[in-house]
2 protein chains.
Amino acid sequence: MESDSGHLNDLSVVKSVSLTSALEKELERLILTGELEPGERINEIHLSNRFGTSRGPIREATRSLEAKGLVEVVRNRGVFVRRLSVEDAIEIYDVRAALFGQAGRLLAERMTDELLAELTRLVDEMDVVAERGSFDEYYPLNLAFHNLIVSSCGNRTLMAEYHRFVNKLHLFRARALVQGGGLAVSNREHRAMLEALASGDGDRAQMTHWRHVALAKRRLIAAVDGASRID
Amino acid sequence: MESDSGHLNDLSVVKSVSLTSALEKELERLILTGELEPGERINEIHLSNRFGTSRGPIREATRSLEAKGLVEVVRNRGVFVRRLSVEDAIEIYDVRAALFGQAGRLLAERMTDELLAELTRLVDEMDVVAERGSFDEYYPLNLAFHNLIVSSCGNRTLMAEYHRFVNKLHLFRARALVQGGGLAVSNREHRAMLEALASGDGDRAQMTHWRHVALAKRRLIAAVDGASRID
DNA sequence: CACCTTTGTTCTGTTGACAGTTTTCACTCA
DNA sequence: TGAGTGAAAACTGTCAACAGAACAAAGGTG
């Protein structure tokens, strides 16, 4: 209980942002980091004791999280951290592919030299660590690469939606599977995306970006099939 | 006040669905029908009197609507029905195009003869009323056509997101503009989509569906430019 | 021994009240 | 007349309490 006081302080300090939204952020963090596990029930009383507030703001925060798809509310039973099935995860990949493809198209049409250099640098770095097979180093670079593309596409709505869905994938119980697949293979797709972005061809950029996620989805399906055959 | 009792009854009858979600649905309806206008403030006390509840459930409902992007919450000042700028609407069109394109691709890969017949029937009907220039008849057919495609694509996540964004466009102040553009022109695009769906070619279906929304976006921009030049 | 009933506990759903902030509006003074 | 001022009204933020549903454990019955 004491170990959480660090976050508690943050909550009480920022009175200007309303308790509810601070609680919402904190709960979202707890969910996305896995401190609150998928399927787990969120006890309003426990939380209100833990954060030193009443149940009201907590209820409001959870309603918000429900609309965002992070928790599920069952009447008279409580709110539960949402658990994503394989089918849900696969569906999200389709949505993500569509959004990412659109981001690629938009970015291709407003590309700058600086951005291209930065993206190229990231891909080069990924090549290096991919050769070493170091997933722990590859992962943050990969994340930064995708984020930079989506954040630079010039469409804030699209960006917000994309991040919402990437976040939701954290609720997937077999989350390790989404990170599977060959590093080198994935980075070869990154290069194709880079070239399309550099060419300024929107159609081509959309296609390469879309396909990158579509292939990741296929790798996920393959991994799931493999895992289920073992089970 | 009395004129709303019809909806009030619905609220009180369905005790099994929790007051909050019933209120949320009702508020969403009020917003989307324009009974609560964009920019208008939502008064918690008025609403609680109107619906005969306390403020708690109303606050929870509005938090949910905030997460859905229908209202905006300002601390100590209240919640306001969200107002969409032209830029917001245009951004939404990009997201919608991406999602609709993806729906087209998915549908092309699982097309049935019955569905194709139904879609063809709708397009044929639209041709008839388009020739008459009857927008009031065209609009529901057009809506049904798009909904049928998205609902049949087999991805419920995608469907829900698509509808969420189409709903959000109701908050666009110059909403009439989104419905502009030639009826016949739009229906010619529908035919191209139909052919792609019938061919079972996912790439082609995605492209035609994406382009249909992209062209609608272009028509919107043109309409906005025209309108602003008049102002 | 298994199953149903009952009772007590825990938790959510909802409410009404209080505190603090924003807004309104009448009043004063230049 | 009009800008500034200060009190009052209105409203939101938060809380504590009550009512009722779901759940778990103990006891009774075939």
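Chain letters run A, B, ... following the sequence lines, proteins first and then strands; every chain starts at 1. Just so it is clear, the values below take in all heavy atoms, side chains as well, and ignore hydrogens, waters and symmetry mates.
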When we call it a touch if two heavy atoms are under 4.0 Å apart, what does B:Gly56 touch: a base, just sugar-phosphate, or nothing?
-> base
Assign B:Ile58 to base, sugar-phosphate, or nothing according to its heavy-atom contacts below 4.0 angstrom with the strands shown.
-> nothing
Taking atom CZ of B:Arg164 as the centre, report whether more than 12 heavy atoms of other residues, nucleotides or ligands fall under 6.0 Å from it.
-> yes
With a 4.0 Å cut-off, would you call [X] and [Y] a salt bridge?
| X | Y | result |
| --- | --- | --- |
| B:Arg59 | B:Glu44 | yes |
| A:Arg219 | A:Glu189 | yes |
| A:Arg29 | A:Glu26 | yes |

N/O-N/O pairs, protein side and nucleotides 21-24 of chain D side, under 3.5 Å:
from   : atom 1 : to      : atom 2 : distance (Å)
D:dA21 : O3'    : A:Asn76 : ND2    : 3.3
D:dC23 : OP1    : A:Arg77 : NE     : 2.8
D:dC23 : OP1    : A:Arg77 : NH2    : 3.2

Determine whether [X] and [Y] make a side-chain contact, defined as any pair of heavy atoms from C-beta on separated by less than 4.5 Å.
| X | Y | value |
| --- | --- | --- |
| A:Asn155 | A:Gln102 | no |
| A:Val86 | A:Arg173 | yes |
| A:Ser186 | A:His190 | yes |
| B:Val79 | B:Leu65 | no |
| B:Arg63 | B:Val73 | yes |

In whole angstroms, how far is the [atom2] atom of [N] from the [atom1] atom of [X]?
| X | N | atom1 | atom2 | answer |
| --- | --- | --- | --- | --- |
| A:Arg63 | C:dT14 | CZ | C1' | 12 Å |
| A:Arg55 | D:dC15 | CZ | C1' | 11 Å |
| B:Ile45 | C:dT15 | CD1 | C1' | 14 Å |
| A:Glu40 | C:dC11 | CD | P | 14 Å |
| B:Leu47 | C:dT15 | CG | P | 14 Å |
| B:Phe80 | C:dT23 | CZ | C1' | 11 Å |
| B:Arg59 | C:dG16 | CZ | C1' | 14 Å |
| A:Leu19 | D:dA16 | CG | P | 12 Å |

Earlier contact from the 5' end, DNA chain D, for A:Pro57 and B:Gly78 = B:Gly78
In terms of side-chain heavy atoms of A:His46, which of C:dC11, C:dT14, D:dG13 is nearest?
->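 Nearest to the side-chain atoms of A:His46, counting from C-beta on, is C:dC11.
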Looking at C:dG13, C:dT15, D:dC11, which one has an atom nearest to any side-chain atom of B:Thr53?
->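 Selected nucleotide: C:dT15.
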Would you please confirm or rule out a distance under 4.0 Å between OP1 or OP2 of C:dC11 and any side-chain N or O of A:Arg41?
->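 For A:Arg41, the contact criterion (side-chain N or O under 4.0 Å from OP1 or OP2 of C:dC11) is not met.
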Should A:Asn43 be listed as having a side-chain N or O under 4.0 Å from OP1 or OP2 of C:dC11?
->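 Result: yes.
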Please tabulate the protein-to-nucleotide N/O contacts below 3.5 Å involving nucleotides 6-9 of chain C, giving atom names and distances.
none

Please work out which of the three classes, parallel, tilted or perpendicular, describes the rings of B:Phe100 and B:His212, given edges at 30° and 60°.
->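 Ring orientation, 0 to 90° scale: tilted.
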